[in-house]
Amino acid sequence: MYNILLVDDEPGHLAGLSKILRRLRPEYAVRTAKNGEEALNICDSENFEIIITDIQMPIMDGLDFYERLPSSRKPQKVIFLSGYDYFEYAQKAIGLGSFEYVLKPVDIDKFTHILEKAERSLEEELAGIEEKERLSAKLQTIIPLYHNRILSDWNHGLPLSKDEERELRDTLLFQGGGSIVVTAIHGRDHQEDTALELSKERIREKMQELLSENGVSISFFSEQERSLLISATNARLEESLLARIEEQFRLAEFESVRINVGISRCTEELVEAAPSLFKEAYFAGMEGFYADGRIVFESTGTKIDPRLFLKSSARLETMLGDAIHATHGEKAIENAARTIIAKLVEGERLPAPSELIAYCKKLLMKLSEAAEYLKPEIREGLAAGIAESHDEVHAIEQLQAVIAGRLADIAAAITEARRDSKETVIFKCLAYMEEHYMEDLSLESVSAVFHFNSSYFCHYFKSKLNINFSQYLTQIRLTKAKELLEQSNDKIYQVAGRLGYQDAKYFNRVFKKEFGLTPEEYRSIARSMKQG
């Protein structure tokens with residue numbers, strides 16, 4: 001639907017043309033004016049896509065009105081009407097950029113044709129504008145991503161092409177000296193991804209605002225590690241500004257995230273020195289892992305030593321082993337976790353958090369592997385828990401809690417295994433399954449052998465092994481399947497039969513679901529590796 005303005009000083013002609021328009025285009029909004037001045041006043045408050053105006057009018061004529069017409073962001077078509085067939089009118093109207101010039105009296109067919117032509121022209125222009133806006137919006141999305149990638153590669157010391165180097169200098173907005181600020185942002189208590197992203201963007205805006213108070217800066221997220229906000233700035237990072245950063249990021253709006261800010265030294269040529277400055281700021285910010293009471297850390301005074309590696313200690317291993325076997329387990333475990341951390345971070349220099357976390361993970365893995373009575377699947381479960389729990393550790397108190405939790409898991413698994421070792425029935429059941437796996441075994445047939453009710457045996461089996469009967473039987477058969485595939489030349493259907501599978505296709509599906517390979521693919525890869 002379009003808005004149309006009719007301008008004519010002849011009431012009869014104005015009413016007649018308005019009636020024609022409403023009949024031809026009942027959905028259009030039609031306004032009228034008696035002269036150019038009245039029309040101009042209307043156009044100050046309303047937008048019209050089509051304006052049809054007479055030329056000869058009192059007070060202000062149509063040509064004068066058109067010249068004074070305020071510019072519109074939307075496409076606009078002006079059609080002039082005149083009862084005077086003077087060339088100079090047409091010439092001036094065309095010179096002003098009018099869409100059409102029509103003589104009175106208006107022929108209905110010709111007027112309809114001109115109206116349709118104006119509508120087509122408006123539609124084309126509107127489509128063109130929409131396409132430009134779409135492309136512009138796309139560019140506004142793509143260009144920041146491109147700039148962000150260049151800035152990130154620059155800070156991480158990755159090579160840039162000549163075009164990218166030019167783009168870098170244009171994007172950086174300043175030349176000469178400056179510093180790099182690295183802000184590490186991590187969610188607390190398993191924060192939702194959407195909420196974390198909103199917090200990160202708010203932190204970027206706040207950091208940009210603070211650094212821009214005393215100079216020029218640009219802040220962007222690392223493409224290599226999205227939890228890192230990198231700021232390049234020529235601002236003087238004096239104590240007062242660092243205090244302001246510390247103060248702002250302690251506000252309640254940032255309580256849901258953990259923030260550590262590392263500040264590099266200032267250099268006279270930032271573009272060339274950025275990769276080394278990034279590392280300085282990155283390692284300085286790591287000190288926040290050890291100091292929950294502070295946010296901002298300068299590279300010139302950091303205790304972090306990225307070259308410090310922790311060595312194996314039999315004494316620490318023994319301490320952990322004693323804790324999981326202690327009579328008062330929970331208290332002993334908490335004390336052991338606290339002592340281990342204290343021993344590892346004593347001294348003037350501190351290891352990088354990744355080194356400390358990896359060392360503690362290795363200690364726990366070694367402890368779980370050495371524990372007595374544990375079945376392979378239990379060890380695997382403990383190992384998976386140890387690996388997973390260390391992934392989201394961003395503070396030393398979290399690491400201490402993780403160590404205590406995993407020690408408790410190992411202690412509980414050992415206690416359970418000792419109790420199970422006294423109940424030899426389950427081991428007899430497992431031995432029977434190992435011996436008869438190629439037969440048509442079922443929960444009912446095995447429970448009958450050992451004089452159990454099948455429902456009770458189902459619950460008993462699951463409680464002891466944390467896996468149900470059919471899953472355990474499948475594991476036995478697939479383990480034997482790998483041996484047969486590696487050591488024999490039997491066809492796949494023969495292997496399936498030797499394992500107790502009457503349907504070779506079903507065996508293929510089970511094997512691929514477990515290992516991600518068909519039996520034939522596994523055999524080929526296993527033998528290639530053996531030959532290699």
Side-chain angles (χ1 to χ4, degrees), residues 152 154-157 177-186 203-204 206-207 210-211 214-215 217 219-222 224-250 254 257-270 272-311 340-360 390 393-400:
S152 184
W154 164 58
N155 266 265
H156 287 276
S179 304
I180 296 294
V181 178
V182 176
T183 307
I185 307 166
H186 300 288
I203 291 167
R204 187 194 68 78
K206 177 57 68 175
M207 181 62 78
L210 291 166
L211 295 177
N214 296 319
S217 68
S219 299
F220 53 94
F221 284 100
S222 168
Q224 286 72 18
E225 191 174 346
R226 295 295 297 171
S227 62
L228 297 181
L229 173 67
I230 306 172
S231 304
T233 180
N234 66 359
R236 296 186 54 153
L237 301 177
E238 298 175 339
E239 288 298 323
S240 58
L241 177 57
L242 301 186
R244 284 256 295 142
I245 294 173
E246 184 95 31
E247 176 190 356
Q248 288 297 307
F249 288 133
R250 288 186 182 283
F254 300 119
V257 290
R258 185 181 182 91
I259 304 171
N260 296 320
V261 180
I263 310 289
S264 80
R265 60 190 164 83
C266 183
T267 184
E268 293 183 359
E269 184 48 63
L270 184 63
E272 282 72 18
S276 61
L277 296 182
F278 165 76
K279 289 179 181 177
E280 287 183 12
Y282 177 63
F283 285 117
M286 286 182 179
E287 197 168 334
F289 179 90
Y290 298 97
D292 194 33
R294 285 175 59 198
I295 291 175
V296 180
F297 302 88
E298 296 182 75
S299 63
T300 51
T302 184
K303 295 181 180 179
I304 298 291
D305 184 355
R307 298 166 300 180
L308 180 60
F309 297 100
L310 300 172
K311 298 178 181 179
I340 288 289
I341 293 295
K343 291 291 183 183
L344 293 174
V345 300
E346 62 184 3
E348 295 183 1
R349 312 303 291 168
L350 295 171
S354 57
E355 169 66 13
L356 179 64
I357 292 169
Y359 183 86
C360 292
H390 284 74
V393 172
H394 305 297
I396 197 166
E397 63 271 16
Q398 290 178 330
L399 180 58
Q400 183 175 309

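Remember, predicted model here, so these are calculated numbers, not experimental data.
- Contacts of Glu269 classified as salt bridge (Lys or Arg N to Asp or Glu O under 4.0 Å), with partners at least two apart in sequence or in another chain: none.
- Taking every heavy atom of both residues into account, Ser219 and Ser231 meet most closely at OG-OG, 2.9 Å.
- Here the closest heavy-atom approach between residue Val393 and residue Ile357 is recorded as O-CD1, 3.8 Å.
- Pro306 meets the side-chain contact (heavy atoms from CB on, under 4.5 Å) test with Phe283, Ile304; sequence neighbours excluded.
- The side-chain contact (heavy atoms from CB on, under 4.5 Å) test applied to Arg349 returns Asp305, Leu308, not counting sequence neighbours.
- Put simply, CG on Leu270 and CH2 on Trp154 are 4.0 Å apart, with the number rounded to the nearest 0.5 Å.
- For Glu225 (side chain) and Ser222 (main-chain N/O), no donor-acceptor pair under 3.5 Å exists by modelled atom type.
- Every ring-ring contact (aromatic ring centres under 6.0 Å, His included) that Phe249 has, sequence neighbours left out, goes to Phe254.
- Separating the CG atom in Leu242 from the CD atom in Glu298 is a distance of 5.0 Å, to the nearest 0.5 Å.
- For the atom pair Ile341 CD1 and Cys360 SG, the distance stands at 4.5 Å (nearest 0.5 Å).
- Taking Glu246 as the reference, Arg250 meet the side-chain hydrogen bond (donor to acceptor under 3.5 Å, both in side chains) condition, with sequence neighbours excluded.
- Proximity of a side-chain donor or acceptor of Arg265 to a complementary backbone N or O of Glu280 within less than 3.5 Å is not detected.
- Nearest heavy atoms, Phe297 versus Ala284: CB-O, 3.3 Å.
- Ser276 pairs by the side-chain hydrogen bond (donor to acceptor under 3.5 Å, both in side chains) definition with nothing, not counting sequence neighbours.
- Inter-residue side-chain proximity for Leu211 and Leu241 is flagged as met; some heavy-atom pair is nearer than 4.5 Å.
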Under the side-chain contact (heavy atoms from CB on, under 4.5 Å) rule, what do Met286 and Asn260 come out as? Steps first, then yes or no, please.
CA-CA 7 Å; Met286 286 182 179; Asn260 296 320; over 6 Å; no

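- Looking at residues two or more places apart in sequence or on another chain, you find a side-chain contact (heavy atoms from CB on, under 4.5 Å) between Lys303 and Glu287, Leu350.
- Between the side chain of Ser299 and the main chain of Ile263, a donor-acceptor pair closer than 3.5 Å is present.
- Distance check, rounded to the nearest 0.5 Å: CD1 of Ile295 to CD of Glu247 gives 10.5 Å.
- Among residues two or more places apart in sequence or in another chain, the salt bridge (Lys or Arg N to Asp or Glu O under 4.0 Å) test is passed with Arg226 by Glu223.
- The distance from atom CG of Leu356 to atom CZ of Phe309, rounded to the nearest 0.5 Å, is 13.5 Å.
- Residues forming a side-chain contact (heavy atoms from CB on, under 4.5 Å) with Ser179 (at least two apart in sequence, or on another chain): Leu237, Ser264, Cys266.
- Here CZ of Phe220 is found 4.5 Å from CD1 of Ile230. Values are rounded to the nearest 0.5 Å.
- With sequence neighbours left out, the salt bridge (Lys or Arg N to Asp or Glu O under 4.0 Å) criterion links Lys279 to no other residue.
- Residue Glu272 qualifies as enclosed at atom CD: its count of foreign heavy atoms under 6.0 Å is above 12.
- For Glu238, the salt bridge (Lys or Arg N to Asp or Glu O under 4.0 Å) criterion is met by Arg236, not counting sequence neighbours.
- Listed here is the closest heavy atom pair of Val182 and Ala281: CG2-CB, 3.6 Å.
- By the ring-ring contact (aromatic ring centres under 6.0 Å, His included) test, Phe278 is found to be paired with His156, Tyr282, residues two or more places apart in sequence or in another chain being considered.
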